[in-house]
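Following: one structure in structure tokens, then a few remarks.
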Amino acid sequence: MKAKTPKESQTVMTEIVLPNDTNTLGNLMGGRLLHWMDIAAAIAAHRHCRRIVVTASVNNVSFGQPIKLGDVVTLEAKISRAFTSSMEVYIDVFVEDFRSGNRIKCNSAIYTFVAVDQIGKPIEVPELLPETNEEKERFDAALRRKQLSLILAGKMKPEEATELKALFGK
Ligand SMILES: CC(C)(COP(=O)(O)OP(=O)(O)OC[C@H]1O[C@@H](n2cnc3c(N)ncnc32)[C@H](O)[C@@H]1OP(=O)(O)O)[C@@H](O)C(=O)NCCC(=O)NCCS
């Protein structure tokens, strides 16, 4: 299977915050942003492996500041590492102010997707070759995040998390 670069699967999605997306303060609801992030990340994961992908976990989501009615929200999703059947996807969220047009990064999240066959069984995905410094940093730290996510999901024993243990040993 041919290895791919993050650029090949990069997905950019732009939305505008409409009244039905907001809470009673007129700010974007967290659940709506999670939904948009899930879609952008799923498309990036699909572009990487060209198979059906399912969300396996959602981590590191924080809502730093409110996003307002009328703001333009841009989501950039990129694969940060591919394992055997799973792919870690980074989503960076930028907001363009309605009046000034200034664009600021307002949050990021990390999703894990798994490629599956027609009956939902995990299947192999192509390797990822990071290119830029940021892509290499995210690639290097992805195994630690995978082990933490598996421990929290009760799918890995803490003593088996070699990468995490090495971090605390430093
Ligand atoms: C995700 C799913 C396919 C994993 O199936 P499984 O039988 O647990 O398969 P495995 O244990 O072999 O795991 C498959 C891969 O997922 C990874 N994985 C599973 N759970 C994970 C988690 N919580 N965090 C990170 N990675 C996870 C495994 O590490 C493995 O990765 P690898 O093959 O790259 O090493 C299965 O749990 C599923 O279908 N879940 C529901 C998905 C869904 O419907 N999502 C929408 C939300 S409603």
Side-chain angles (χ1 to χ4, degrees), residues 1-15 20-21 23 28-64 67 73-93 107-132 134-170:
M1 226 183 288
K2 190 173 163 283
K4 289 191 178 173
T5 63
K7 217 183 293 166
E8 291 175 79
S9 59
Q10 185 170 3
T11 299
V12 179
M13 197 170 110
T14 303
E15 298 280 345
N20 204 32
D21 302 321
N23 60 22
L28 176 65
M29 283 183 291
R32 182 74 82 222
L33 184 58
L34 286 170
H35 175 65
W36 290 344
M37 291 195 289
D38 196 31
I39 293 174
I43 295 171
H46 167 72
R47 283 179 170 160
H48 181 76
C49 62
R50 293 287 162 197
R51 305 300 302 240
I52 300 168
V53 296
V54 294
T55 317
S57 75
V58 180
N59 292 306
N60 298 54
V61 187
S62 60
F63 302 108
I67 300 174
V73 181
T74 302
L75 302 100
E76 293 183 4
K78 254 195 211 181
I79 308 297
S80 39
R81 186 155 175 173
F83 296 94
T84 305
S85 66
S86 66
M87 293 153 282
E88 186 190 78
V89 189
Y90 244 90
I91 306 106
D92 293 308
V93 180
N107 88 336
S108 64
I110 302 172
Y111 281 54
T112 299
F113 282 81
V114 175
V116 294
D117 64 14
Q118 294 296 333
I119 55 164
K121 194 167 128 326
I123 45 174
E124 271 189 49
V125 297
E127 198 184 327
L128 183 91
L129 297 175
E131 293 180 317
T132 66
E134 185 185 62
E135 287 166 7
K136 285 176 187 163
E137 279 166 23
R138 289 179 172 185
F139 180 96
D140 288 341
L143 183 54
R144 286 200 292 272
R145 288 190 291 268
K146 176 177 161 81
Q147 291 186 343
L148 186 59
S149 182
L150 289 173
I151 290 172
L152 293 175
K155 294 183 172 179
M156 178 182 257
K157 294 193 184 107
E159 56 270 28
E160 291 165 0
T162 47
E163 282 289 309
L164 277 181
K165 279 207 294 201
L167 188 67
F168 290 108
K170 277 180 190 167

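Computed from a prediction, not measured in an experiment: that's the story for all the values here. When a ligand or atom number is given, it counts from 1 through the structure's own listing order. Note that the numbering runs from 1 along the sequence shown for the chain.
Distance check on atom 7 (O) of ligand 1: every protein heavy atom falls at or beyond the 4.0 Å cut-off. For atom 44 (O) of ligand 1, the protein comes within 4.0 Å by no heavy atom at all. Put simply, atom 20 (N) of ligand 1 has protein non-hydrogen atoms near it, under 4.0 Å away. Protein heavy atoms are absent from the space less than 4.0 angstrom from atom 10 (P) of ligand 1. Within a 4.0 Å radius of atom 4 (C) of ligand 1, the protein has no heavy atom. Taking a distance limit of 4.0 Å, we find that atom 24 (N) of ligand 1 is approached by some protein heavy atom. Under the 4.0 Å distance rule, the nearest protein heavy atom to atom 38 (C) of ligand 1 falls outside the cut-off. Note that atom 15 (C) of ligand 1 has protein non-hydrogen atoms nearby, at separations under 4.0 angstrom.
For ligand 1, the atoms sitting less than 4.0 Å from at least one non-hydrogen atom of V114 are 1 (C), 15 (C), 16 (O), numbered in the order shown with element in parentheses. Ligand-side atoms of ligand 1 in range of A153: 23 (N), range being under 4.0 angstrom from any heavy atom. Applying the 4.0 Å criterion to heavy atoms of K155 picks out, from ligand 1, the atoms 8 (O), 19 (C), 20 (N). Close approach of ligand 1 to T55 (heavy-atom distance below 4.0 Å) involves ligand atoms 42 (C), 43 (C), 45 (N), 46 (C). Here is the list of ligand 1 atoms found below 4.0 Å of a heavy atom in K146: 28 (C), 29 (O), 30 (C), 31 (O), 32 (P), 34 (O), 35 (O).
When I110, T112, L152, L150 are each tested for a side chain to side chain contact (heavy atoms under 4.5 Å, CB included) with S57, only one passes: T112. Of the candidates K136, R81, K78, K136 is the only one forming a side chain to side chain contact (heavy atoms under 4.5 Å, CB included) with P130.
Considering CD of Q10 and CZ of R47, their distance stands at 9.5 Å, rounded to 0.5 Å. The CZ atom of F113 lies 4.5 Å from the CG atom of D38; values are rounded to the nearest 0.5 Å.
Closest approach of A42 and V53 over heavy atoms only: O-CG2, 3.6 Å. In terms of heavy-atom proximity, A45 sits nearest to M87 at O-SD, 3.7 Å. Shortest non-hydrogen contact noted between C49 and V125 is CB-CG1, 3.8 Å. When all heavy atoms of H48 and K4 are compared, the pair lying nearest together is O-NZ, 3.0 Å. Shortest non-hydrogen contact noted between V89 and A44 is CG1-CB, 4.3 Å.
When non-hydrogen atoms are compared, ligand 1 lies under 4.0 Å from the side chain of T112 (C-beta onward) but not from its backbone. In S57, the part holding a heavy atom less than 4.0 Å from any atom of ligand 1 is the side chain. Under 4.0 Å from ligand 1, heavy atoms of S85 appear from its side chain as well as its backbone.
Scanning the protein heavy atoms around atom 34 (O) of ligand 1, the nearest turns out to be S86 OG, 2.7 Å. The protein non-hydrogen atom at the shortest distance from atom 27 (C) of ligand 1 is L150 CD2, 3.5 Å. Scanning the protein for heavy atoms near atom 22 (C) of ligand 1, the closest one is S149 OG, 3.6 Å. From the protein, the heavy atom lying nearest to atom 13 (O) of ligand 1 is P122 CG, 4.7 Å. Nearest protein neighbour of atom 1 (C) of ligand 1, counting heavy atoms only, is A56 CB, 3.8 Å.
Taking A161 as the reference, Q147, I151, M156, L164 meet the side-chain contact (heavy atoms from CB on, under 4.5 Å) condition, with sequence neighbours excluded. With sequence neighbours left out, E15 forms a side-chain hydrogen bond (donor to acceptor under 3.5 Å, both in side chains) with no residue at all.
In this structure, R145 contributes its side chain and R138 its backbone to a donor-acceptor pair below 3.5 Å.
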Between W36 and D21, is the side chain to side chain contact (heavy atoms under 4.5 Å, CB included) condition met? List the steps.
CA-CA 11 Å; W36 290 344; D21 302 321; 3.9 Å; yes
